[in-house]
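Structure record follows, encoded as structure tokens.
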Amino acid sequence: MKQLPAKSTLSDANRKRDDKIFAVLYSKLFVYYKRILQGNWLDIGGEVDPGRVEVFDSTTITF
């Protein structure tokens with residue numbers, strides 16, 4: 001591959017993928033990074049208790 005595909009091409013491809021692939025990817029990444037992410041990595045000025053955060057949802061919503 002001489003160059004990366006356009007972002008829109010990747011976005012279109014991801015839109016057509018079964019959502020289960022993203023669940024599997026998330027699970028594998030979580031297992032891999034869980035130990036690294038333990039501790040006070042979520043320090044945002046006391047707005048959130050890091051001990052209570054389980055997941056972030058970065059889903060976008062189109063209005």
Side-chain angles (χ1 to χ4, degrees):
M1 184 181 290
K2 294 183 179 183
Q3 74 182 67
L4 294 173
K7 288 180 183 178
S8 61
T9 304
L10 292 172
S11 177
D12 291 341
N14 283 338
R15 187 177 312 120
K16 296 174 185 173
R17 284 193 171 93
D18 187 342
D19 61 348
K20 290 182 180 85
I21 192 151
F22 297 105
V24 170
L25 178 61
Y26 170 82
S27 296
K28 289 181 182 273
L29 287 170
F30 181 76
V31 168
Y32 183 83
Y33 286 107
K34 184 177 182 178
R35 189 171 50 94
I36 296 167
L37 295 174
Q38 288 178 343
N40 197 17
W41 62 273
L42 184 65
D43 183 10
I44 58 171
E47 291 183 40
V48 174
D49 175 5
R52 299 191 64 189
V53 175
E54 295 181 19
V55 276
F56 281 103
D57 181 0
S58 62
T59 304
T60 58
I61 299 171
T62 305
F63 293 101

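The first residue of the sequence shown is numbered 1, and numbering continues consecutively from there. This structure is a prediction, so every number in the text was calculated from the model and none was measured.
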When hydrophobic residues are tied together by side-chain contacts of less than 4.5 Å, even through go-betweens, does Y32 share a cluster with L25?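 Per the 4.5 Å side-chain linkage, Y32 and L25 are co-clustered.
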Are L29 and I36 linked, directly or through intermediate hydrophobic residues, by side-chain heavy-atom contacts shorter than 4.5 Å (ILVMFWY only)?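 In one cluster with I36: L29, yes.
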To the nearest 0.5 Å, how far apart are CG in D19 and CG in N14?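 With rounding to 0.5 Å, CG (D19) is 12.0 Å from CG (N14).
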